[in-house]
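When a ligand or atom number is given, it counts from 1 through the structure's own listing order. Remember, it's a predicted structure, so these values are computed and weren't measured experimentally. Along the sequence shown, residues are numbered consecutively beginning with 1.
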Amino acid sequence: MTNQRIYRVAVLGGDGIGPEVTQAALDVVRAAGVSIDPTPYDLGAARYLRDGFVLDDATLDELRGYDAILLGAVGPAIGDTRIPGGVLERGLLLRMRFGLDLYINYRPFSGVAGSIAQGCEFAIVRENTEGPYAGEGGTLRRGTAHEIATQGSVNTRFGVERCVRYAFERAAQLARPKLTLVHKTNVLTFAGELWSRVVAEVAVQYPNVEVDYNHVDAACIYLVESPGRYGVIVTDNLFGDILSDLAGAVTGGIGYAASANLNPARTGPSLFEPVHGAAHDIAGTGQANPIAAVKSAVLMLEHLGEAEAAQRIARAVQDFSGDVTSLGTAGITNQLLERL
Ligand code: NAD
Ligand code: IPM
Ligand code: MN
């Protein structure tokens, strides 16, 4: 037996179904023979309601020391007025994405049997530190008849280019190398022109990659009507967020959609989480599909260089064909464990 590495992983189960699906993912990783030394962090809505803590500099710095971060989901239930919008999303999740320079949000999709996109494989490469998420804007004269709210979109040459380069690298590895820029260049002309120009410039270095462009509204049609056309979709932070939920829905359901918030430069840990949220509507019922969390853990193992274990879990997920609704979290997890 060779010396096995033990990975130090910060585990942020979070809220709602977050802890349930994260535990399932850790169980599956362990069954695949990878040694994880998990350090739980109690962060999210429940913690905030208890003592007002979201995330401070010291904790963020501490997170920099891990090999990876595994997150379930954070956020209050929709309609819970005790926590103003953004407190957790901006204060915790985005703070980690920005603070750890997780500039790529890589979201691979694989259409499960019976789904609209059955058999289709494609990925969304979402810019993860800029766009409307950057926080540019503000309010003036709040509460008056002359109130103003602006929310700008920040697109830097540096940020767009590193995202586009990553997307081309991914696209070049496909059996049918194809990259589609999705934007709204017909209206968002300033940002759209920058994205288009960068794609055209980088494309010169990837002559084997077919390059296409869709307006984001049309992409919503194509994802439903002809998802097989896509290889890698590269897009900005907000379009990528919205398209991910649509892509999840057409490939079998949001319970299957995984993501990797990557720092490709590896100046710190990357963060792995399902695309879905805390789903308070089904929390505690045992109905949550843990596959999105399991596949996020697969992305973590790939990033850590545990390709063989990652492949074994990915195969177990692919071979799984049970009825997710009747099996529930425990039933699905057990079937995956049996296959490992
Ligand atoms: P959501 O993804 O939590 O839920 C949307 C719908 O999908 C719900 O009907 C839910 O039951 C279903 N669903 C989600 N995950 C599922 C799973 N694994 N299995 C089966 N069904 C699943 O989105 P929402 O309701 O808009 O957001 C709830 C909270 O989660 C909000 O506070 C939001 O900000 C937060 N959120 C967090 C993250 C994250 O931490 N990365 C992502 C998205 C939303
Ligand atoms: C996601 C989520 C987050 C986002 C929220 C919770 C901040 O929807 O990871 O897709 O908008 O990026
Ligand atoms: Mn989202």
*Asks:* May I ask which of Asp15, Asp80, Ile332, Ile254 has a heavy atom nearer to atom 7 (O) of ligand 1 than the others do?
*Replies:* Ile254
*Asks:* Have a look at Gly79, Ala249, Pro76 and point out the one with the heavy atom closest to atom 31 (C) of ligand 1.
*Replies:* Pro76
*Asks:* Flag atom 14 (C) of ligand 1 as yes if some protein heavy-atom distance to it falls below 4.0 Å, otherwise no.
*Replies:* yes
*Asks:* Answer yes or no for Arg90: is there a heavy-atom contact with ligand 2 below 4.0 Å?
*Replies:* no
*Asks:* Would you say that Ser196 contacts Leu181 through its side chain, given a criterion of any heavy-atom pair below 4.5 Å between the two side chains?
*Replies:* yes
*Asks:* Heavy-atom count check: over 12 atoms from other residues, nucleotides or ligands less than 6.0 Å from Glu308 CD?
*Replies:* no
*Asks:* Who's the nearest protein heavy-atom neighbour of atom 40 (O) of ligand 1, and how far?
*Replies:* Val74 N, 2.9 Å
*Asks:* Answer yes or no: is there a side-chain heavy-atom contact under 4.5 Å between Phe320 and Leu327?
*Replies:* yes
*Asks:* My question is simple, although I want it checked carefully: is atom 17 (C) of ligand 1 less than 4.0 angstrom from any protein heavy atom?
*Replies:* yes
*Asks:* Taking the six-membered ring of Tyr133, is NZ or CZ of Arg126 closer than 6.0 Å to its centre and within 45° of its axis?
*Replies:* yes
*Asks:* Heavy-atom contacts with Arg107 under 4.0 Å: which atoms of ligand 2 show up? List them by number with element.
*Replies:* 1 (C), 9 (O), 10 (O)
*Asks:* Would you say Arg126 contacts ligand 2, with heavy atoms under 4.0 Å as the rule?
*Replies:* yes
*Asks:* Classify the ring geometry of Phe168 against Tyr206: parallel below 30°, tilted from 30° to 60°, perpendicular beyond 60°.
*Replies:* parallel
*Asks:* Taking only heavy atoms of Arg97 into account, list the atoms of ligand 2 that are under 4.0 Å away from them.
*Replies:* 1 (C), 4 (C), 9 (O), 12 (O)
*Asks:* Does Leu88 come within less than 4.0 angstrom of ligand 1, counting non-hydrogen atoms of the residue?
*Replies:* no
*Asks:* Would you call Asp101-Arg266 a salt bridge at under 4.0 Å N-O?
*Replies:* no
*Asks:* Checking a contact table here: which protein heavy atom is nearest atom 8 (O) of ligand 2, and how many Å away?
*Replies:* Asp241 OD1, 3.2 Å
*Asks:* Can you tell whether the side chains of Glu201 and Arg157 come within less than 4.0 Å, N to carboxylate O?
*Replies:* yes
*Asks:* What residue and heavy atom of the protein are closest to atom 10 (C) of ligand 1, and at what distance?
*Replies:* Asp281 OD1, 3.4 Å
*Asks:* What are the atoms of ligand 1, with element, lying closer than 4.0 Å to any heavy atom of Ala288?
*Replies:* 19 (N)
*Asks:* With ring centroids as reference points, do His303 and Phe272 lie under 6.0 angstrom apart?
*Replies:* yes
*Asks:* Counting heavy atoms only, name the option from Gln287, His276, His280 that's nearest to atom 42 (C) of ligand 1.
*Replies:* His276
*Asks:* Does any donor atom in the side chain of Glu273 or Asn261 lie under 3.5 Å from an acceptor atom in the other side chain?
*Replies:* yes
*Asks:* Report the nearest protein non-hydrogen atom to atom 34 (O) of ligand 1: residue, atom name, distance rounded to 0.1 Å.
*Replies:* Glu89 OE2, 2.7 Å
*Asks:* Among all the protein's non-hydrogen atoms, which is closest to atom 36 (N) of ligand 1, and how far away is it?
*Replies:* Gly277 CA, 3.5 Å
*Asks:* May I ask you to identify the nearest protein heavy atom to atom 39 (C) of ligand 1, giving residue, atom name and distance to one decimal place in Å?
*Replies:* Leu93 CD2, 3.7 Å
*Asks:* If hydrogens are left out, which of Leu12, Ile78, Ile17 has an atom nearest to atom 27 (O) of ligand 1, that is, the closest non-hydrogen atom?
*Replies:* Ile78
*Asks:* Determine whether the side chain, the backbone, both or neither of Asn289 has a heavy atom under 4.0 Å from any heavy atom of ligand 1.
*Replies:* both
*Asks:* Under a 4.0 Å N-O cut-off, is there an ion pair linking Arg47 with Asp51?
*Replies:* yes
*Asks:* Given Arg107, which partner from the list Ser259, Ser296, Pro274 fulfils the side-chain contact (heavy atoms from CB on, under 4.5 Å) test?
*Replies:* Ser259
*Asks:* Pick out which of Leu337, Leu336, Ile332 makes a side-chain contact (heavy atoms from CB on, under 4.5 Å) with Asn334.
*Replies:* Leu337
*Asks:* Check whether any N or O atom of Gly255, backbone or side chain, sits under 3.5 Å from an N or O atom of ligand 1, and answer yes or no.
*Replies:* no
*Asks:* Mind checking whether the Mn ion (ligand 3) has an N, O or S of Asp241 under 2.8 Å?
*Replies:* yes
*Asks:* Which heavy atom of the protein is the closest neighbour of atom 11 (O) of ligand 2, given with residue, atom name and distance?
*Replies:* Tyr133 OH, 2.6 Å
*Asks:* Does a side-chain heavy-atom distance below 4.5 Å link Arg312 with Leu340?
*Replies:* yes
*Asks:* Starting from atom 20 (C) of ligand 1, find the nearest protein heavy-atom neighbour and note its residue, name and distance.
*Replies:* Ile282 CD1, 3.6 Å
*Asks:* Under 4.0 Å from a heavy atom of Ala73: give me the atoms of ligand 1 that qualify, with their elements.
*Replies:* 40 (O)
*Asks:* Do Ser153 and Leu188 have side-chain heavy atoms sitting under 4.5 Å apart?
*Replies:* no
*Asks:* Identify the closest protein heavy atom to atom 3 (O) of ligand 1: which residue and atom is it, and at what distance?
*Replies:* Ala279 N, 2.8 Å
*Asks:* Looking at Glu89, which atoms of ligand 2 are within less than 4.0 Å of one of its heavy atoms?
*Replies:* 6 (C), 7 (C)
*Asks:* Tell me: protein heavy atom nearest atom 30 (O) of ligand 1, and distance?
*Replies:* Ala278 N, 3.0 Å
*Asks:* Do you see a donor-acceptor pair shorter than 3.5 Å between the side chains of Thr129 and Glu127?
*Replies:* yes
*Asks:* Please work out which of Glu20, Glu273, Arg97 has its closest non-hydrogen atom nearest to atom 41 (N) of ligand 1.
*Replies:* Glu273
*Asks:* If you count the atoms of ligand 1 from 1 in the order shown, which ones are under 4.0 Å from a heavy atom of Gly75?
*Replies:* 32 (O)
*Asks:* For the pair Glu169 and Arg165, evaluate salt bridge (Lys or Arg N to Asp or Glu O under 4.0 Å) and give the outcome as yes or no after the intermediate values.
*Replies:* CA-CA 6 Å; Glu169 279 298 317; Arg165 284 193 181 282; over 6 Å; no
*Asks:* Could you tell me if the side chain of Tyr230 sits less than 4.5 Å from the side chain of Phe109, heavy atoms only?
*Replies:* no
